[in-house]
Amino acid sequence: MSVLFNKILVANRGEIACRIIRTAHELGIKVVAVYSEADKHSKHVRLADEAVYIGLSPSVQSYLLIDKIIEVAKLTSAEAIHPGYGFLSENAEFVSAVEAAGLVFIGPDAYAIEMMGDKITSKNIAMEAGVSVVPGSEGAVSDIKQAKAESRRIGYPVMIKASSGGGGKGMRIVEQEEDLESSMHAAMNEARSSFGDDRVFIEKFVTQPRHIEIQVIADTHGNVIHLGERECSIQRRHQKVIEEAPSCFLSSKIRLAMGQQAIALAKAVNYRSAGTVEFIVGANEDFYFLEMNTRLQVEHPVTELVYNVDIVSLMIEIAAGKQLSIGQDEVEAKGWAMEARIYAEDSQKGFLPSIGQLIEYKEPILDKIRIDSGVHEGDHITMFYDPMVAKIIGYGIDRPECIANLSKALDRYKISGVETNIQFLSAILLDENFNLGDITTDFIECKFGGKFNPYKPDAELEKKFLALAAAILMPVIYQSNPTKINKATNILQISNGDYFLTDWRNYEGTHVITIDNRQYEVTGQVTKSMTLFTGQINGEDMPVKVNRIYNKVRLVSGPYSIMVTILPAIAENVIEFMPAPNLLSGTLKVTAPMPGMLTKLLVSDGEHLYAGQQVAIIEAMKMENSLRCEIDCIVERVHVSEGDLLNVDDLILSLGEK
């Protein structure tokens, strides 16, 4: 029996609920899980000792129900509640309600959450504590005239930020005054939708910025330490994508100064538990306070690996009244860790969420790799919650080894049924500037823009792909035509040309392939049902993900992808590529690119539109997504109304040529 708590309730779902359950069990603590209708068969429900249904799938009808969660905790005799991150984790009202019910909240007190949860208040407290802050408005800005005056005083570029915000929601960067009004309205609308509070403030946008945060741990006995920094500059739309510890940018002097300021801020609000002080760092190592996250961070595993601690365990111990067992002079970083967030999203369609069932889900089992996931094969990714599937964390003695280990693991991570960002992550890890540590918060925007298309392989890699495709497809063709196939020259067809497969032999698991008079050896298990090849091509290890459809096979390795069609010479009809689409194909309609709610319809029947004009706004995953027409046209018919819930490809507008 644990000397900490006998039983705790985890007021969350997905990977973070599973992560907390794992540590609680290691401490000998039983766990109660709560779940919504969408999560009744989820992984965290199966891992917990008890699981209680709390409501319908939307979070406002389940995971955000304060009274219901406290009721479940009392009915199951849980002594404490861990909120994880998101949902109620930074809700001061929830903390007060938990404590009023005689339960323990595993996290900071309501005062610290309230003070740090308001960006204007937290900035004032930070200044009083001697923490460096970004120049900005002294309070909330509510009208455009005031916003223009403040922006001129601060100097462009500026950033509009939601006062009660987080996670990139309610934020807009404004480069020039003519964009200020529209950006301010968008930020306020998004803030109101996400947080129920449309107040915004304005601050200076630091050029060539890096996002670096300090992990602090504080007990209830006045002890506060920091566990170094995490570099979180690889972001898309202010959402972190790849995080690492330590940062390869900071000097020891600045690292020390940032740590001391983070501790000073924690002490200023009598902080307890784990928290993170986030800074924006300029090109000259000038750093400024952004915000304090009064909760467990998504990226906490990189700190755990580098500093050999369990932050969740520390949170539970602190909540139970124990003193910190480690002092600042004992904190020492060893090695390098890097986390990549795997999302169910379609990178080729602007990273739109991808929902559906995980038809195949296989995590790589490798040394120096940790995976925090909240799903099993067969689970569904729904429209109701964040589309993150898992976090994969690599470790190494230094940054190059860490990157290599993480890349290797991504190549062996097999997910089908939904689109994922795995190839996009591989492309980042392969990038020269990333490997040099030359990164800022606009790295993804500068390198990839608003979407990512898989890379085309170079000539040598292309031939290896073709050899593997032949090894996969030729046995299938041979089984149907064993007498003719050996005498035939087969064609391997890809988008940019044809290659001639002049010979194929199979010797006890080794396929000898001759393509355009060059020989390749494919060694390893090759079967019709194979979805991940982990053998060798010409003696080189080459993990390749495989998706075979009849006489076609799509091969993926790292950020590279290729589709190969094999055309047997014995076939009577040669398969031809489809003709090029009409230039107007697909443009004379506007459809929903993602599941979500149509919050604004900006056009009506008969209206004349111009190319690029905004026509509607869909809200999905608490983010506003603008839809635009592609050509000059006329609205023939509007098929939906504001407030409608849409699925992917639902028709919104029918358009006609002018």
Side-chain angles (χ1 to χ4, degrees), residues 85-86 90 116 119 122-123 126 131-136 157-162 165-173 187 201 203-216 226-251 254-255 257-259 261-262 265 274-303 306 336-341 343 388 391 393 399 425 428-429 431 433-434 436-448:
Y85 55 72
E90 293 179 285
M116 292 296 100
K119 293 200 169 45
S122 65
K123 184 176 179 180
V131 179
S132 176
V133 299
V134 181
V158 297
M159 177 176 280
I160 302 169
K161 301 178 72 172
K169 298 176 179 65
M171 295 174 64
R172 293 293 187 277
I173 298 171
F201 66 101
E203 66 181 22
K204 178 70 177 175
F205 180 70
V206 179
T207 57
Q208 293 186 311
R210 288 172 177 259
H211 186 136
I212 299 177
E213 60 190 30
I214 304 293
Q215 175 72 64
V216 296
H226 73 84
L227 299 176
E229 81 279 3
R230 293 186 289 256
E231 171 87 58
C232 306
S233 299
I234 303 300
Q235 306 177 3
R236 190 185 65 78
R237 293 182 67 176
H238 307 293
Q239 289 278 13
K240 299 164 188 174
V241 176
I242 291 178
E243 305 102 335
E244 59 185 295
S247 167
C248 60
F249 178 70
L250 292 185
S251 64
I254 298 301
R255 178 178 290 112
M258 290 176 69
Q261 289 195 16
L265 182 60
T276 299
V277 182
E278 302 198 347
F279 293 93
I280 190 166
V281 184
N284 297 318
E285 287 193 297
D286 49 318
F287 64 92
Y288 307 98
F289 170 71
L290 278 177
E291 62 182 346
M292 184 176 190
N293 288 312
T294 52
R295 55 170 167 80
L296 185 66
Q297 291 279 84
V298 178
E299 58 272 19
H300 73 274
V302 295
T303 298
V306 169
W336 214 281
M338 189 172 292
E339 173 183 288
R341 303 188 189 188
Y343 285 103
M388 188 169 70
K391 304 179 311 199
I393 309 100
R399 193 168 187 266
L425 296 171
I428 293 173
L429 297 181
D431 182 84
N433 292 105
F434 178 83
L436 291 172
D438 182 14
I439 54 178
T440 61
T441 55
D442 62 356
F443 174 89
I444 287 178
E445 180 61 32
C446 292
K447 290 281 184 176
F448 303 100

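The figures that follow rest on heavy atoms only: side chains count, while hydrogens, waters and symmetry mates do not.
Heavy atoms only, all atoms of each residue included: P246 and R255 are closest at CB-NH2, 4.4 Å. Closest heavy-atom contact between M388 and Y85: CE-OH, 3.3 Å. Here the shortest heavy-atom pairing between A340 and L425 reads CB-CD1, 3.9 Å. For L265 against A126, the heavy-atom pair with the smallest separation is CD1-CA, 3.8 Å. Between Q208 and A283, the closest heavy-atom pair is OE1-CB, 3.2 Å. Across every non-hydrogen atom of V206 and G282, the tightest pair is CG1-CA, 3.9 Å.
Counting heavy atoms from C-beta outward, R341 and V298 have side chains that approach closer than 4.5 Å. Side chains of L429 and I242 form a contact here, defined as non-hydrogen atoms less than 4.5 Å apart. In this structure the side chain of V133 never reaches within 4.5 angstrom of the side chain of Y288, judged on heavy atoms. Residues E278 and I214 have side chains not in contact (no heavy-atom distance under 4.5 Å, counting atoms from C-beta outward).
E213 meets the side-chain hydrogen bond (donor to acceptor under 3.5 Å, both in side chains) test with R230, K240, Q297; sequence neighbours excluded.
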What verdict does the salt bridge (Lys or Arg N to Asp or Glu O under 4.0 Å) test give for E299 and K391, after you've listed the backbone C-alpha separation in whole Å, the side-chain angles of each residue and the deciding distance to 0.1 Å? CA-CA 8 Å; E299 58 272 19; K391 304 179 311 199; over 6 Å; no

Under the side-chain contact (heavy atoms from CB on, under 4.5 Å) rule, what do M116 and E291 come out as? Steps first, then yes or no, please. CA-CA 7 Å; M116 292 296 100; E291 62 182 346; over 6 Å; no

Verify side-chain contact (heavy atoms from CB on, under 4.5 Å) between I393 and M338, making sure each step is shown before the conclusion. CA-CA 5 Å; I393 309 100; M338 189 172 292; over 6 Å; no

One pair to check against side-chain contact (heavy atoms from CB on, under 4.5 Å): I428 and I444. What are the steps and the verdict? CA-CA 8 Å; I428 293 173; I444 287 178; 4.2 Å; yes

Residue pair Q215, H300: steps toward the side chain to side chain donor-acceptor pair (under 3.5 Å) verdict: CA-CA 8 Å; Q215 175 72 64; H300 73 274; over 6 Å; no

Walk me through whether E203 and L290 qualify under side-chain contact (heavy atoms from CB on, under 4.5 Å). CA-CA 10 Å; E203 66 181 22; L290 278 177; 3.9 Å; yes

Between E285 and S251, does a side chain to side chain donor-acceptor pair (under 3.5 Å) hold up when you go through it step by step? CA-CA 8 Å; E285 287 193 297; S251 64; 3.2 Å; yes

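A distance of 10.5 Å separates CZ in F279 from CG in L250, rounded to the nearest 0.5 Å. Note that the CG atom of N433 and the CD1 atom of I439 stand 10.0 Å from one another [nearest 0.5 Å]. Put simply, CZ on F249 and CD1 on I254 are 9.0 Å apart, with the number rounded to the nearest 0.5 Å. Going from atom CD of E244 over to atom SG of C232 covers 9.0 Å, rounded to the nearest 0.5 Å. The distance from the CD atom of Q235 to the CG atom of D442 is 10.0 Å, given to the nearest 0.5 Å. Taking CZ of F287 as the start and OG of S132 as the end, the distance is 6.0 Å to the nearest 0.5 Å.
Using a distance-only test at 3.5 Å, with no hydrogens or angles considered, a donor-acceptor pair links the side chain of K123 to the main chain of V134. Using modelled atom types, one side-chain atom of S233 and one backbone atom of H211 make a donor-acceptor pair closer than 3.5 Å. The backbone N or O of A245 lies less than 3.5 Å from no partner atom in the side chain of E229, so there is not a single donor-acceptor pair.
In this structure, a donor-acceptor pair under 3.5 Å is present between the side chains of T294 and E90.
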